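Proteins get letters first, then strands, A, B, ... in listed order; numbering begins at 1 in each. Just so we're clear, the structure is a prediction, and the values are computed from it rather than from any experiment.
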2 protein chains.
Amino acid sequence: MDMTERKQKILAAVVESYIRTGEPVGSKNLLTELDFSVSSATIRNEMADLADMGYLEQPHTSAGRVPTTLGYRYYIDKLMNKMELNEADCKSITKTVSSGSGDPEQLLEKAGEVIAKLTNCAAITTLPSGDRATVRRAEIVPVSNRTAMIVLLTSAGTLKSKACRSDMPITQQTVERFYSVCASHFIGKPLEDIGTVMLQTLVASLGEFALEMSPFFVALADLAEDALRSDVLLEGQANLFNHRELDGNVIELMEFLRKGDPIAKLIARGTDDVDIRIGTENEYKQLANSSVIISHYDINGERSGALGIIGPTRLNYAKLIPYMQFVSGLVGKILTETLEE
Amino acid sequence: MDMTERKQKILAAVVESYIRTGEPVGSKNLLTELDFSVSSATIRNEMADLADMGYLEQPHTSAGRVPTTLGYRYYIDKLMNKMELNEADCKSITKTVSSGSGDPEQLLEKAGEVIAKLTNCAAITTLPSGDRATVRRAEIVPVSNRTAMIVLLTSAGTLKSKACRSDMPITQQTVERFYSVCASHFIGKPLEDIGTVMLQTLVASLGEFALEMSPFFVALADLAEDALRSDVLLEGQANLFNHRELDGNVIELMEFLRKGDPIAKLIARGTDDVDIRIGTENEYKQLANSSVIISHYDINGERSGALGIIGPTRLNYAKLIPYMQFVSGLVGKILTETLEE
DNA sequence: TTTAGCACTCAAAACAACTGAGTGCTAAAA
DNA sequence: TTTTAGCACTCAGTTGTTTTGAGTGCTAAA
């Protein structure tokens, strides 16, 4: 059985109608949406074929048809016409997103809010990854006799800090030693190089000061690791409740989102500019009823992070994909401007 | 009509039974829970009285009785026996809470997680307020030709940072000038004193450097303001779904929690050691079906922040109040140790 | 190949009956 | 005066039945 043009038109009409209404689409209703006239019986035959081919399915015998994952996939890859961006929307998005202070975290948070609102989905965003980042600055700030804050600033603009206790009193010498070791061993080094191995040799070389100083460098290494791990921000999770087809799964889904780890993987694996995962195409079973659209952003031409949305499979792909591309482009542009020049 | 001892016993039994089962309590069932024997008819008469007095109500004519806000209040203030803490629980709580790095934010986050889990409610925690905090350190870190990170560390251990753009190139002189102004105008000053007024006089006094420097000090003032605002952390919101009596309100409730502002007020206004707000006692209508238990913690004997839970009115007050007191006491103790000495 | 027609399916809505926990009231018992 | 047994009544919730209507597949004629 081959995919005639008429079948394509019918499939597209079913997908679009279902996306619009959320109701299974029957042969009679479909008539009004097609640009050629045949009887409902003909449509029925074609729809039965499309069902055989795996593009459509029926919730139950006496209901209309609903697209399968395969159906959505065919539609998105071959049939869909991307919608044009609405000028006014672009402006308001740009305004909201750029309103922040320039802090990457705040920017991504804003961007997440915007797409969550715009798409009525849960939004996920990742901060610029520190893959190539180096240590720009390390500081020690005594807070009390035996505690100090250790602060790390990376070349990617990430700032991390941690309180740290020592078993010995912190003196002016301690501080000076810290800075001198930092200058020789940390500043300018890639974050990736600061691991347990590097730390061990360092501590060994400290000699008599090892006991005094090591807690601080351990803390610093922790911070470096922390800065490397690309943080995931979540926005608009509550939007998931607006989609009744997700009912019952929402809580489970939110629980899944809460532990950012799988999300980070989800985002990391995409290679295309925009990644779309429909229902069971997702490797995580918690997402089997959801679709994910992920759009990456580049800083200085280099893939650095991504924005994504998670919602029901019944997403308005034609509209949302361009929007996601727009926002991620915007984020990339702003971050490139902030961090370079 | 006066509150006889028998009425008190009956009220307590109704409240406790309802808290345990979630079902309206009928006269017959109540018989088994009372330490004196009368007939169900007698109970019915007494319950009718209690209803007249405003302590109980009926969902509908042929259902049992449910405590009103007033009923809970009377129970908590006059009838309840606080439960003893379970030794093993205390230990495991202490272990979890103290496992962090000493960073206040991490500590409160952990504490929030613990109480959310323990109480099966949504947990709110506030970071130690910076009311009396002073500027400990201010740093400027050039990130590019025209952008710099401004970093503020307060005496309360709060660290805030912000990216900041200038219209003029940032030179070594810029940096030096920044530090010299900081040393004279910011370091050691209370955060509260850094307002627009202070800023205006400062900028005026900068003379020819005003244009070059002011963005950084504006950013610094922003950070100070930010550090003053006591951040609210949320944990375990999803727990709210486990309470069917909140059904339908959960989304609205979560939305309310998400904007931290009213929460901050909620917490700030309490004066007692432990604050309990039942249902309509809450000033926010979104909380009309919920109860809130807030327990404050002290650092160095000074009221500094609080932990709270939000759940249905049907909370096990006798058990949860001591737990909240325990955890907030623990948090206060740990923070006192970390920040002083 | 298309279409009209028809018998069939099945979820959802509407309706009806039943159940049972619980009530309030009354009149007798303590 | 207080307590209790007894009884009629209420009403949410469950269960079962019927009706409705959108939609299907198949067949036979166009």
(message) Under the rule for side-chain contact (heavy atoms from CB on, under 4.5 Å), what residues qualify as partners of Ile321(B), not counting sequence neighbours?
(response) Met80(B), Lys82(B), Val274(B), Ile276(B), Ile293(B), Tyr317(B), Gln325(B)
(request) Working to the nearest 0.5 Å, report the span between OG1 of Thr126(B) and CD1 of Ile124(B). (result) 8.5 Å
(request) Would you jot down, in residue-number order, the residues of residues 23-44 of chain B having a non-hydrogen atom under 4.0 Å from DNA chain C? (result) Gly26(B), Ser27(B), Asn29(B), Arg44(B)
(request) Under the side-chain contact (heavy atoms from CB on, under 4.5 Å) rule, collect the residues that match up with Val250(A), sequence neighbours excluded. (result) Leu240(A), Phe241(A), Leu246(A), Met254(A)
(message) For the helix from dT1(C)-dA30(D) to dA30(C)-dT1(D), what angle separates the axis at the start from the axis at the finish, each from five pairs, in steps of 10°?
(response) 20°
(request) Sequence neighbours left out, what passes side chain to side chain donor-acceptor pair (under 3.5 Å) with Thr69(A)? Give chain and number order. (result) Thr280(A)
(request) Return the value, rounded to whole Å, for the distance between atom CZ of Arg244(A) and atom C1' of dA12(C). (result) 14 Å
(message) Need two values: the first and the last nucleotide of DNA chain D, 5' to 3', having an atom under 4.0 Å from any heavy-atom of chain B.
(response) dT3(D) to dA12(D)
Between N or O atoms, less than 3.5 Å apart, protein on one side and nucleotides 15-17 of chain C on the other: list the pairs.
none

(request) Please work out which residues in residues 58-66 of chain A have a non-hydrogen atom less than 4.0 Å from an atom of DNA chain D and list them by number. (result) Gln58(A), Thr61(A), Ser62(A), Ala63(A), Gly64(A), Arg65(A)
(request) Sort out for me which residue in Asn316(A), Asn86(A), Asp89(A) forms a side chain to side chain donor-acceptor pair (under 3.5 Å) with Tyr323(A). (result) Asp89(A)
(request) Please name all residues satisfying side chain to side chain donor-acceptor pair (under 3.5 Å) with Thr68(B), sequence neighbours left out, ordered by chain then number. (result) none
Residues 5-17 of chain B side chain polar contacts: donor-acceptor under 3.5 Å, at least two apart:
from     : atom 1 : to       : atom 2 : distance (Å)
Arg6(B)  : NE     : Glu46(B) : OE2    : 2.7
Arg6(B)  : NH2    : Glu46(B) : OE2    : 3.0
Lys7(B)  : NZ     : Glu46(B) : OE1    : 3.0
Lys7(B)  : NZ     : Asp49(B) : OD2    : 3.3
Gln8(B)  : NE2    : Tyr74(B) : OH     : 2.8
Glu16(B) : OE2    : Tyr75(B) : OH     : 2.9

(message) Just to verify, what does Asn29(A) make a side-chain contact (heavy atoms from CB on, under 4.5 Å) with, not counting sequence neighbours?
(response) none
(message) Between Arg314(A) (side chain only) and Ile19(A) (backbone N and O only), is there a donor and an acceptor less than 3.5 Å apart?
(response) yes
(request) Can you measure from OG1 (Thr96(B)) to CG (Leu118(B)) and round to the nearest 0.5 angstrom? (result) 10.0 Å
(request) For the pair Arg258(B) and Glu255(B), find out whether any cationic side-chain nitrogen is under 4.0 Å from an anionic carboxylate oxygen. (result) yes
(message) Taking ring pair (Phe, Tyr, Trp, His ring centres under 6.0 Å) as the cut-off, I'd like each qualifying pair that reaches into residues 244-267 of chain B, sequence neighbours left out, listed once.
(response) Phe256(B)-Tyr284(B)
(message) I need the Ser37(A) OG to Leu31(A) CG distance, nearest 0.5 Å.
(response) 8.5 Å
(message) Quick one: does any side-chain atom of Asn289(A) pair with a main-chain N or O of Glu245(A) as donor and acceptor, under 3.5 Å?
(response) no
(request) Give a yes or no on whether Asn81(A) atom CG has more than 12 heavy-atom contacts from other residues, nucleotides or ligands under 6.0 Å away. (result) no
